[in-house]
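Positions are given from 1, in the same order as the sequence printed here. As a basis for the values below, the full set of heavy atoms in this structure was taken, side chains included, without hydrogen atoms, waters or symmetry mates. Everything numeric here is computed off the predicted structure, so don't read it as measured data.
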Amino acid sequence: MLNTETPSLAHTALDQYPTTELVNALVDDQFHAVDAVRKAGPRIAAAVAAALPRMEAGGRLVYVGAGTSGRLGVLDSVELYPTFSWPNERAVALLAGGQGAMFAAVEGAEDDLEQGAADIRGVDVGPNDVVLALAASGATPYVLGAIRAARAAGALTVGFANNPDAPVATQAEIGITLDTGAEVISGSTRLKAGTSQKIALNTFSSALMVRLNKVYGNLMVDLKATNAKLVRRAIRLTSFATGADEAAAQAVLEQCGFHVKTAIVALSKQTSVEQAQALLEAARGSVRQALA
């Protein structure tokens, strides 16, 4: 029996716990998710290193999964644009059962190996793309079909699974095992298995964006100011990075479409927005190199 399916021996009387104890048991079990991701750190780092040249060459991140795993992939993909200005067309999410499966289960969709392969071919996956394949069990046919088609197309495949020696991890070029063990509620991998996948995806994509020069120090300097909250954030980040007051920061941001990187370089080097943009282009988007 898979670790993720094995009934937990720690809380065999869960349904009899007082509510506070019940909540504590569910919360405390989540700490295992963090530990599982930490142990997988070297493999996640290897995936970031392998993905970087493909992204620099114009490749895409393609997330593939079913059920909870697939929905977590969708979540990571859609957050890259507002957070890092990563183009939406370069973060593709494939979910067993199609877009409708984001909101309601599509019975049997995860069992269709051929559809996983067809969906990969349908988005023209190629050698510069990185396919992130997610399955708690590690044996979901839809995901395995996607991995095989992606490898045949020359893409880098990274498999995330929550059971040791799972096919999703062993058949991908880089396998990442998040061994979270038995769930408090037997087989409910939306609990700590899902949490570990969320942490791992956050870690992978954020580290990749740092390497792509979308972070200066620990500041999110390549965000898209698409709403009032993000406009205020852009002003605060620019002010913090340069020491300029918020009025001065806002004035320069308004000249460059609220591009924080450009505003930081322009203010720090006391130059025009156009010159700041040229410096950033020469530095491949690195604020630190542009300032140097």
### Message
Please determine whether side chain to side chain contact (heavy atoms under 4.5 Å, CB included) holds for the pair F258 and K224, giving the CA-CA distance in whole Å, both sets of side-chain angles, and the decisive distance to 0.1 Å.
### Response
CA-CA 8 Å; F258 278 82; K224 283 291 185 187; over 6 Å; no
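- Judged as a side chain to side chain donor-acceptor pair (under 3.5 Å), and not counting sequence neighbours, T157 has no contacts.
- In this structure, the side chains of V265 and L280 come closer than 4.5 Å at one or more pairs of heavy atoms.
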### Message
For a side chain to side chain contact (heavy atoms under 4.5 Å, CB included) check, start with the C-alpha distance between K198 and N202, then their side-chain angles and the critical distance, and finish with the verdict.
### Response
CA-CA 6 Å; K198 179 68 168 67; N202 270 351; 3.1 Å; yes
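- To the nearest 0.5 angstrom, R232 atom CZ is 9.0 Å from K229 atom NZ.
- Separating the CD atom in E246 from the CG atom in L253 is a distance of 10.5 Å, to the nearest 0.5 Å.
- Scored by the salt bridge (charged side-chain N to carboxylate O under 4.0 Å, His left out) test, R284 finds E56 as partners (sequence neighbours excluded).
- M209 and V78 are assigned to two separate hydrophobic clusters, defined by single-linkage of ILVMFWY side chains at heavy-atom distances under 4.5 Å.
- Atom CZ of R54 sits in a crowded spot, with more than 12 heavy atoms from other residues, nucleotides or ligands closer than 6.0 Å.
- Between the CD1 atom in I264 and the CG atom in L291 there is a gap of 8.0 Å [rounded to 0.5 Å].
- Legend: residues meeting side chain to side chain contact (heavy atoms under 4.5 Å, CB included) with D29, ordered by chain and number and at least two apart, are H32, E183, V184, K192.
- Under the rule for a side chain to side chain contact (heavy atoms under 4.5 Å, CB included), the partners of A47 that lie at least two apart in sequence or sit in another chain are V158, I174, I176, F204.
- Taking each heavy atom of N213 and A283 in turn, the nearest pair found is ND2-O, 4.4 Å.
- Here D35 pairs with K39 under the salt bridge (charged side-chain N to carboxylate O under 4.0 Å, His left out) rule; sequence neighbours left out.
- No side-chain heavy atom of V34 sits less than 4.5 Å from a side-chain heavy atom of T195.
- Here the side chains of Q30 and L26 are not in contact, with every heavy-atom distance at 4.5 Å or above.
- Within the 3.5 Å criterion, the main-chain N or O of I235 finds no donor-acceptor partner in the side chain of S239.
- Judged as a side chain to side chain donor-acceptor pair (under 3.5 Å), the pairs with a partner in residues 257-269 (not counting sequence neighbours) are, in order, D222-H259, H259-T262.
- In plain terms, the two heavy atoms of V125 and A155 that are nearest each other are CG1-CB, 3.5 Å.
- Not one N or O on the side chain of S188 forms a donor-acceptor pair closer than 3.5 Å with the backbone of L191.
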### Query
When you look at T140 and V168, which way does the side chain to side chain contact (heavy atoms under 4.5 Å, CB included) test go after all the steps?
CA-CA 8 Å; T140 304; V168 162; 5.5 Å; no
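- Residues that satisfy the side chain to side chain contact (heavy atoms under 4.5 Å, CB included) test with N88, not counting sequence neighbours, are Y81.
- By the criterion of side-chain heavy atoms lying less than 4.5 angstrom apart, applied directly or through intervening Ile, Leu, Val, Met, Phe, Trp or Tyr residues, L219 is grouped together with V260 in one hydrophobic cluster.
- Y216 and V221 make their closest contact through N-CG2, 3.7 Å (heavy atoms, listed as atom of the first residue, atom of the second, distance).
- With sequence neighbours left out, R60 forms a salt bridge (charged side-chain N to carboxylate O under 4.0 Å, His left out) with D129.
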Let me have the donor-acceptor pairs involving side chains of residues 108-115, under 3.5 Å, with sequence neighbours excluded, atom names and distances please.
unit_1 : atom_1 : unit_2 : atom_2 : d
D112   : OD1    : E114   : N      : 3.3
D112   : OD1    : Q115   : N      : 3.0
Q115   : NE2    : D119   : OD1    : 2.7

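- With hydrophobic clusters built from ILVMFWY side chains whose heavy atoms lie under 4.5 angstrom apart, V106 does not share a cluster with Y142.
- Between the OG1 atom in T189 and the CD atom in Q197 there is a gap of 7.5 Å [rounded to 0.5 Å].
- Contact check for S69 versus Y63: no side-chain heavy atoms found under the 4.5 Å cut-off.
- Looking only at distances, no side-chain donor or acceptor of R121 sits under 3.5 Å from a matching main-chain atom of G116.
- Pairing each heavy atom of L156 with each of A51, the nearest pair is CD2-N, 3.8 Å.
- Taking 4.5 Å as the limit, every side-chain heavy atom of L61 sits out of range of all side-chain heavy atoms of S77.
- Minimum heavy-atom separation, L267 to T238: CD1-CG2, 3.6 Å.
- Atom CD of E89 sits in a crowded spot, with more than 12 heavy atoms from other residues, nucleotides or ligands closer than 6.0 Å.
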### Residue pair E254, Q250: steps toward the side-chain hydrogen bond (donor to acceptor under 3.5 Å, both in side chains) verdict
CA-CA 6 Å; E254 287 173 349; Q250 182 171 348; 3.1 Å; yes
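- Here the straight-line distance linking atom NZ of K214 with atom OG of S206 works out to 12.5 Å at 0.5 Å rounding.
- Here CG of L2 is found 6.5 Å from OG of S137. Values are rounded to the nearest 0.5 Å.
- Side-chain contact check for L72 versus L134: every heavy-atom pair is 4.5 Å or farther apart.
- Atom CZ of R90 is surrounded by more than 12 heavy atoms from other residues, nucleotides or ligands within 6.0 Å.
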Donor-acceptor pairs are to be reported for all side-chain atoms of residues 93-102 against protein atoms at under 3.5 Å, with residues two or more places apart or in another chain.
none

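- For the pair L223/P82, no side-chain contact is recorded, criterion being any heavy-atom separation below 4.5 Å from C-beta on.
- Note on residues 4-25: pairs passing side chain to side chain donor-acceptor pair (under 3.5 Å), not counting sequence neighbours, are T4-N163, H11-Y17.
- The hydrophobic clustering, which links ILVMFWY residues whose side-chain heavy atoms are closer than 4.5 Å, places I199 and V74 apart.
- Residues L178 and F31 fall into different hydrophobic clusters, defined by Ile, Leu, Val, Met, Phe, Trp and Tyr side chains chained together at heavy-atom separations under 4.5 Å.
- Nearest heavy-atom pair across A139 and L144 is O-CD1, 3.7 Å.
- Taking N128 as the reference, A57 meet the side chain to side chain contact (heavy atoms under 4.5 Å, CB included) condition, with sequence neighbours excluded.
- Counting heavy atoms from C-beta outward, N3 and D179 have side chains that approach closer than 4.5 Å.
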### Task
Start with the C-alpha distance between V62 and L132, add both sets of side-chain angles, then the distance that settles side chain to side chain contact (heavy atoms under 4.5 Å, CB included), and finish with yes or no.
CA-CA 6 Å; V62 181; L132 306 171; over 6 Å; no
### Task
Output, in order, the C-alpha distance, side-chain angles, deciding distance and verdict of side-chain hydrogen bond (donor to acceptor under 3.5 Å, both in side chains) for D165 and T170.
CA-CA 6 Å; D165 303 316; T170 59; over 6 Å; no
